[in-house]
Each structure stands twice: as structure tokens, then as C-alpha cells.
Amino acid sequence: MTSENLSRSESLLDIRQAVNVDPRSSVWWDMVVANRTALAASCAAVTSVLSGFPFDSVKTRMQTHHYNSLLDCVKITYKEEGARGFFRGMIPPLITVSAIKSVAFTVYEGTKHRLRHYPGLEGDTLGSLTALASISGAASGAFIAVLSCPLELVKIQRQLEQMIAKEKSLEAPKSSSWNAARQIVRRKGVFGLWSGLRCHTIRETMGTSIYFGTYETAKRVLNGGQQTPASPMTHFMAGGMCGVLSWLVVFPVDLVKSRLQKEVMMTEPKYKSIRACATDVVRRDGVRGLYRGLNVTLLRAFPIHSLQFLVLEYVYSLIPPRAT
């Protein structure tokens with residue numbers, strides 16, 4: 001047995017012992033191996049939510065309201081709502097994001113496995129790898145959009161509820177994510193939870209395609225074009241690059257989505273369609289208005305997504321893939 005294999009065996013033994021499970025329990029270990037992708041994605045997702053939610057909250061505020069600068073948004077939020085304002089609406093994503101990410105990565109890996117049999121999508125060359133990862137990412141994004149849209153809508157309502165109440169000269173509500181969801185259902189019906197689905201699906205499909213396509217491509221390039229296991233630094237850099245590039249492309253779509261979902265509970269919504277919202281933003285603030293809040297998004301994108309893939313690949317390295 002080589003030193004590398006010995007080290008891997010010791011790592012696997014440590015995992016079993018850390019959760020007080022008999023290392024000889026093959027049933028338990030078979031379950032871990034069978035759910036390798038879900039476990040790795042869950043660990044990565046929770047890490048990214050905990051570290052990135054305050055940035056996401058500031059991004060949403062800057063997309064839907066006018067501030068002089070990023071610092072101005074942070075100062076006003078803290079002054080009016082305290083530190084809690086940056087974490088408003090975090091609990092549902094923290095609970096559900098693991099499931100969503102698990103599904104996303106499972107669909108992505110499953111689609112990749114099936115598409116590898118088609119010409120030009122084998123993943124052996126850089127071009128075929130980019131195409132394979134991009135198409136698989138698009139399939140994953142389109143699938144999870146239906147699952148994540150209600151969660152995104154409730155999160156935005158919670159992030160902005162204090163500001164919306166202030167705009168209407170109402171007393172600040174003492175709400176929760178559950179109450180926010182109930183209010184939407186009461187006013188709009190069950191399907192009201194999927195308000196903004198079309199714009200959300202465009203964002204998820206396009207963004208996830210670019211996200212995975214860039215990650216796999218950057219990882220292969222940074223690894224010298226080799227298909228051998230990459231280093232943690234390679235995972236870190238590739239993760240950061242895919243996060244930044246995907247947000248640069250889909251940010252205008254995300255801004256329009258946020259504005260549309262902000263007005264779900266309005267008696268008379270300002271915007272009747274995606275096009276009407278985008279046109280109004282450009283008319284008022286120019287094309288630059290479509291990128292309001294981009295600075296805080298990019299500020300969080302590189303470290304958050306770097307950390308996410310670092311955790312993901314680390315868990316992958318501890319749990320061997322299931323034999324096929």
C-alpha cells in the first residue's frame with residue numbers, strides 16, 4: 001500500500017470515528033458513498049450561506065432601492081435595523097439550501113454522466129469538457145429553478161420588509177419567513193409563491209451553465225490540462241473565477257427579477273413584465289442601472305464560491321465514488 005493510499009484510508013477511518021460509527025459498519029459507509037454528491041454539496045452550501053448572506057442582503061437592497069454607494073447602504077441598514085438587518089431572512093435558505101444544492105449537483109453529475117456518450121461531449125478535450133459542463137449546468141439550473149423560486153421570493157420579501165413598510169409609512173412588521181410565505185399565499189394563492197418564475201428560470205439556467213462550464217474549464221487549465229486530481233489551490237481559484245464570471249453575465253437578469261419579486265405584494269405592481277422593468281431601469285439610470293449592486297456581488301463572489309468548491313472537493317476527496 002502506497003503512502004497516498006494509506007493516508008486516504010486513515011482519512012476515511014477518521015470520518016467514521018468522528019461520528020461515532022463503527023468503522024466496520026459497511027451498511028453505514030455504503031449509504032455515505034451512495035450519497036457522496038449530496039453530502040459534499042450540502043457541506044459546501046451551508047458554508048457559503050453562512051459566510052455570504054450579509055453580502056447578498058446588501059446586494060438585494062442596492063438592486064431595489066437607491067443608495068449613494070455600497071458603504072452608504074451598509075451604514076443606513078445598520079443604523080435603521082442593526083446587525084440583524086444583514087441576516088434578515090437567512091434561516092429558510094440555511095435550512096433549504098442544502099437540499100437545493102444537493103439536487104443541483106446531483107442533476108449536474110447525472111446529466112454529465114449521460115451526455116458523455118455523445119460525440120463531442122466526452123470531456124477528454126478542453127472544448128468537449130466546456131460543452132459538457134455548460135449543457136449539464138443548464139439542465140441543472142432549469143430543474144432547480146422551480147424548486148428555488150418560492151424560497152428566493154420569501155427571502156427577498158424578508159430582506160426588504162422593513163424598507164417596504166417605511167415606504168408605505170407603516171409600522172415595521174414583526175414577521176418571520178413562514179408568515180411572509182403565508183401572506184403571499186393569502187394574497188396571491190399558492191401559485192403566487194412562484195411569482196417571477198420566468199425571470200428566475202432564465203437566471204438559473206444561464207447562470208448555472210456558465211458557472212459549471214467555467215469551473216470545469218478553469219480547473220482543467222489550471223491543472224496543466226491534465227485529468228489528474230487537482231490541488232486545493234486549483235479548486236479555490238477555479239471556484240472564484242466561475243462565481244465572478246457567472247454573476248457578471250446574469251446580474252442584469254437578477255436585478256430585474258429582484259424588482260419584480262419585490263412588488264409581489266403591491267396592490268398595483270409598477271411593472272407588468274420583464275421587458276417593462278428592464279426598460280424602466282435603463283430609462284431612469286441608463287444601462288449602468290442594470291448593474292446597481294454589482295460591486296458588492298463581485299466582492300462576495302470570489303471568496304464565497306472559492307470556499308464553496310474548496311469544501312466540495314475536499315469532501316469528495318474523503319469519500320470515494322461509488323463503483324459502477
Side-chain angles (χ1 to χ4, degrees), residues 33-45 48 97-149 152 197-223 225-230 234-250 253-254 301 304-306 308-317 319-324:
V33 172
N35 294 281
R36 176 176 182 256
T37 299
L39 289 171
S42 297
C43 292
S48 64
V97 73
S98 297
I100 297 296
K101 286 289 185 180
S102 296
V103 172
F105 276 90
T106 299
V107 172
Y108 170 69
E109 293 292 348
T111 305
K112 266 204 319 180
H113 178 72
R114 288 171 176 77
L115 292 180
R116 283 184 185 275
H117 303 294
Y118 290 89
L121 297 175
E122 298 88 352
D124 297 330
T125 64
L126 190 62
S128 66
L129 176 65
T130 302
L132 175 65
S134 298
I135 295 173
S136 301
S140 174
F143 185 84
I144 65 170
V146 179
L147 302 178
S148 60
C149 185
E152 187 85 2
L197 176 61
R198 182 166 57 171
C199 198
H200 184 72
T201 301
I202 294 172
R203 188 198 74 168
E204 291 295 330
T205 303
M206 186 189 306
T208 310
S209 175
I210 297 169
Y211 189 68
F212 282 116
T214 303
Y215 177 72
E216 297 287 5
T217 303
K219 186 170 71 169
R220 177 72 63 84
V221 171
L222 293 174
N223 201 35
Q226 304 297 316
Q227 298 187 45
T228 54
T234 295
H235 298 149
F236 185 86
M237 294 301 296
M241 291 168 65
C242 76
V244 169
L245 183 59
S246 62
W247 271 114
L248 278 172
V249 175
V250 304
V253 181
D254 183 70
I304 295 304
H305 293 288
S306 294
Q308 175 171 280
F309 274 103
L310 192 62
V311 172
L312 178 85
E313 296 283 5
Y314 177 69
V315 177
Y316 273 160
S317 71
I319 305 174
R322 182 166 50 179
T324 55

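Every value quoted in this text rests on a predicted model; they were computed, and no experiment measured them.
- Under the side-chain hydrogen bond (donor to acceptor under 3.5 Å, both in side chains) criterion, Ser102 pairs with Ser42, not counting sequence neighbours.
- Side-chain contact check for Ile319 versus Tyr316: every heavy-atom pair is 4.5 Å or farther apart.
- Of the charged side-chain nitrogens involved, none lies within less than 4.0 Å of a carboxylate oxygen, so that Arg36 and Glu109 do not count as a salt-bridged pair.
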Decide yes or no on side chain to side chain contact (heavy atoms under 4.5 Å, CB included) for His305 and Met241, but give the supporting numbers first.
-> CA-CA 8 Å; His305 293 288; Met241 291 168 65; over 6 Å; no
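- Taken to the nearest 0.5 Å, the NZ atom of Lys219 stands 15.0 Å off from the CE atom of Met237.
- Side-chain contact check for Cys199 versus Val253: some heavy-atom pair is nearer than 4.5 Å.
- Scanning for side-chain hydrogen bond (donor to acceptor under 3.5 Å, both in side chains) contacts around Thr217 gives Thr130, with sequence neighbours left out.
- Not a single side chain to side chain contact (heavy atoms under 4.5 Å, CB included) links Ala99 to another residue, sequence neighbours left out.
- Proximity of Leu310 to Tyr314: side-chain heavy atoms (C-beta onward) are nowhere separated by under 4.5 Å.
- Taken to the nearest 0.5 Å, the CD atom of Gln308 stands 13.5 Å off from the NE2 atom of His235.
- Residues forming a ring pair (Phe, Tyr, Trp, His ring centres under 6.0 Å) with Tyr215 (at least two apart in sequence, or on another chain): Phe309.
- The list of side-chain hydrogen bond (donor to acceptor under 3.5 Å, both in side chains) pairs with a residue in residues 120-129, not counting sequence neighbours, reads Thr125-Ser128.
- Rounding to the nearest 0.5 angstrom, the gap separating the CD atom in Glu204 from the CD1 atom in Ile144 is 4.5 Å.
- In this view, Phe212 and Phe105, Tyr108 satisfy the ring pair (Phe, Tyr, Trp, His ring centres under 6.0 Å) rule, not counting sequence neighbours.
- Taking OG1 of Thr106 as the start and CZ of Phe143 as the end, the distance is 10.0 Å to the nearest 0.5 Å.
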